[in-house]
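First the proteins, then the strands, lettered A, B, ... as listed; each starts at 1.
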Amino acid sequence: MNYWLMKSEPDTFGIDDLFKRPEQTEHWDGVRNYQARNMMRDDMKIGDQVFFYHSNCEEPGIVGIMQVARESYPDFTVFDPDDKHFDPKSNPDKPTWYMVDVKFVRKLSRNISLRELKLKTELTDLALLRRGNRLSIMPMNAEQWAFILSLE
DNA sequence: GCCAACGTTGGC
DNA sequence: GCCAACGTTGGC
């Protein structure tokens, strides 16, 4: 079992949007970073636990929990000329970009904000808090996961 | 292979 | 809206 944190802008796709999806499940498309792609493609397994992080908003922070519902498969938005993630160079026979499906588990009782996480010495090694880390998908260990949950 | 220019992310 | 920190692109 692996633990992850995935970022999304609530204006684009927030935790409530996931909640409202059929089966409360949605594909996590649009990842266009190789490091993040590799983690999704190679390491994300069904049942892995994922924090839903709201970025680029009034109070960035962790707002909910999801789990991996389907392991990696090609990100089809790359082949759709009408999609914002369309990439004309992509070859359907040799997909570059992958995605997973995530399923809503629950919302946290409150937003555990970035501001608050930064104050915790227990989390100094958390990828999210490391300087300049802009990855949209980050791994964490079981201790970090449990500690963050204990703040709820 | 180097590196400057450019685009993006995301906190503030 | 600003800007730091990256990642990518493309000329050479």
Practice task
Take atom CZ of A/Arg130 and atom P of B/dG10, then tell me their distance rounded to the nearest Å.
Solution key: 15 Å
Practice task
In whole angstrom, give the distance that lies between atom CG of A/Leu129 and atom C1' of C/dA5.
Solution key: 16 Å
Problem - Axial cation check for A/Tyr73 ring with A/Arg70, 6.0 Å and 45° limits - result: yes
Fill in the blank from the handout: Whole-Å distance, A/Glu116 CD to B/dG11 P, equals 15 Å
Problem - Options C/dC6, B/dG10, C/dT8, nucleotide nearest the side-chain atoms of A/Arg134 - result: C/dC6
Problem - Short side-chain N/O contact to B/dT9 OP1/OP2 from A/Tyr53, under 4.0 Å - result: no
Problem - Check: A/Thr96 main-chain N/O paired with A/Arg37 side-chain donor or acceptor under 3.5 Å - result: yes
Problem - Nearest to side-chain heavy atoms of A/Pro60, which nucleotide of C/dC6, B/dG11, C/dT8 - result: B/dG11
Practice task
Report the distance from atom CD of A/Glu9 to atom P of B/dC12, rounded to the nearest whole Å.
Solution key: 15 Å
Handout entry: A/Trp97 CH2 to C/dG7 P, straight-line distance once rounded to whole Å
Key = 12 Å
Fill in the blank from the handout: Rounded to whole Å, CD1 of A/Ile137 lies from P of C/dC6 at a distance of 19 Å
Exercise for the section: For A/Leu135 and C/dC6, give me the distance from atom CG to atom P, rounded to whole Å. Expected result: 11 Å
Practice task
May I ask you to say what A/Arg32 touches in the nucleic acid, namely base, sugar-phosphate or nothing, with a heavy-atom cut-off under 4.0 Å?
Solution key: nothing
Completion exercise
Sorted by position of nearest nucleotide on DNA chain C, 5' first, the leading residue of A/Asn56 and A/Asn33 is A/Asn56
Problem - A/Lys7 side chain near B/dT8 phosphate (N/O to OP1/OP2, under 4.0 Å) - result: no
Problem - Distance, rounded to the nearest Å, where A/Glu58 contributes CD and B/dG10 contributes P - result: 18 Å
Practice task
Classify the angle between the aromatic ring planes of A/Tyr34 and A/Trp97 as parallel (below 30°), tilted (30 to 60°) or perpendicular (above 60°).
Solution key: tilted
Practice task
Take A/Leu123 and A/Phe147 through the test side chain to side chain contact (heavy atoms under 4.5 Å, CB included) and record every step on the way to the result.
Solution key: CA-CA 8 Å; A/Leu123 297 175; A/Phe147 177 78; 3.7 Å; yes
Practice task
Verify the distance criterion only: is there a donor paired with an acceptor across the side chains of A/Tyr98 and A/Asn38 at less than 3.5 Å?
Solution key: no
